[in-house]
Amino acid sequence: MRVVFLGTPEFGVPSLRALKEAGYNVVGVFTQPDRPKGRGNKMLPSPVKECALSYGIPVFQPLKIRVDGVEDLRSLKPDLCVTAAFGQILSQEILDIPTIGTVNVHSSLLPKYRGSAPINWAIAEGETVTGVTTMMTDRGLDTGDILLKKEVEILPGETAEELTARMAPIGAELLIETIRRIEAGNCPRIKQDETEATYYPMLKKEMGDIDWRLPAEKIVCLVRGLTPWPGTSFVWGEGETVKVWKAEVAENPGMTPGSIIASDAKRGLVIAAGENAVRIIELQAPGGKRMQAVDYLRGHPAAWQRCEMKEERHG
RNA sequence: CGCGGGGUAGAGCAGUUCGGUAGCUCGUCGGGCUCAUAACCCGGAGGUCGAGGGUUCAAGUCCCUCCCCCGCAA
């Protein structure tokens, strides 16, 4: 069976690797073009590209696969296409190429959390269980028929980064099982229940702006869900943006949201929220690296003076 | 060469403008006080100031080169 894999970030790597190790004939890999990344704008290949090259699989990086990737894909004569966090929308023309169809590995329990950032959103919404779903890709956004699902528990305090790393191999395993059952002709295939469906948008930088009027519980979940990107932050005093890496719910003696309840090395950094308060455990100041909040306070003994929070940030 | 911030004791920082004995908070070690404590008091250890070169009587500080870390941009 000729398989073409489409994926970009780290999440897809275990799936690609699993296909190879299960002995499938991966005849080509599509991934996002190398883009200038990081300091100095160095061009960096995607994790999936690196993995593909290590296996000697031909790599294709069309800017828009539905425009300039169609012929390449067709020439590979795939029986099956597999997508895992590819990052581009497939056209019907593309979907029609593989004879069996296109299987997508999606990191939520569909039809919940459709969209490009299901793991982040599941955590941000305070879920305790999520999962991976394999589905037949169709024209819609994560709307295709469900093949197999596997639940994954979200651990207390777990960040999107940690959970993604944990779910990627689970997705890979489910993918192989899915393909085996497709080959065997006994793979379930059920339509998604549209009444149960939820869609969540792409992550944007501004989503990480902390609104202290929200309940502390909500803010803490947002911090976990948006780690490491886009991250959560708030503005401290005179325009200094402080990034929050780790936080927990603390008690609020009744102070107004955004005011500082504590900021010393003994009690830590505690800020009042709409309900309860948020203790910031790990933070990152401009130009600095992430550090324990108490460490930051040691070097900035007057930090408490800059306590006017901007409460009217993004409504 | 995309833009910017930074590297000083185990941790976090000040000192660099204008060269002149290496400082602060915390931790750590020893001692003391207390029914007791994340409290308090006294004392000690711990630093090639990222690396190399240059200027100077004298460089953490001025000049040149390099290395490393971080933010923006996705």
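The sequence lines fix the lettering, A, B, ..., with proteins before strands; numbering per chain opens at 1.
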Which nucleotide, [options], lies nearest any side-chain atom of [X]?
X: A/W229; options: B/A74, B/A11, B/C13; value: B/A74
X: A/Q284; options: B/C70, B/C72, B/A11; value: B/C70
X: A/K289; options: B/C70, B/C13, B/G2; value: B/C70

Separation of the [atom1] atoms in [N] and [M], to the nearest angstrom:
N: B/C13; M: B/U21; atom1: P; result: 26 Å
N: B/C35; M: B/G12; atom1: C1'; result: 35 Å
N: B/C1; M: B/C66; atom1: C1'; result: 15 Å
N: B/C49; M: B/U61; atom1: P; result: 9 Å
N: B/U25; M: B/A36; atom1: P; result: 27 Å
N: B/G32; M: B/C69; atom1: P; result: 47 Å
N: B/A22; M: B/U48; atom1: P; result: 13 Å
N: B/C63; M: B/G19; atom1: C1'; result: 13 Å

Any side-chain N or O of [X] under 4.0 Å from OP1/OP2 of [N]?
X: A/K205; N: B/C72; value: yes
X: A/R267; N: B/A38; value: no
X: A/R298; N: B/G27; value: no
X: A/K204; N: B/A74; value: no

Checklist line | A/T134 side chain vs A/L175 backbone, donor-acceptor pair below 3.5 Å | finding: no
Next item on the list: Verify, without hydrogens or angle tests, whether A/D79 (side chain) and A/R2 (backbone) share a donor-acceptor contact under 3.5 angstrom.
Entry: yes
Item checked: Option passing side chain to side chain donor-acceptor pair (under 3.5 Å) with A/Q61 (candidates A/Q32, A/K49, A/R35) -> A/K49
Whole-Å distance between [N] [atom2] and [X] [atom1]?
X: A/L283; N: B/G12; atom1: CG; atom2: C1'; result: 11 Å
X: A/E206; N: B/A73; atom1: CD; atom2: P; result: 9 Å
X: A/E282; N: B/G12; atom1: CD; atom2: C1'; result: 14 Å
X: A/R39; N: B/C67; atom1: CZ; atom2: P; result: 14 Å

Check: Should B/U25 form a Watson-Crick or G-U wobble pair with both distances under 3.5 Å, which nucleotide is its partner?
Finding: B/A11
Next item on the list: Can you tell me the pairing partner of B/C62 across any strand shown, Watson-Crick or G-U wobble, with both distances under 3.5 angstrom?
Entry: B/G54
Notebook entry, point to check: Going by heavy atoms in the side chains, are A/V70 and A/I97 under 4.5 Å from each other?
Noted result: yes
Notebook entry, point to check: Just wondering, do A/E127 and A/K112 contact through their side chains at under 4.5 Å, heavy atoms?
Noted result: no
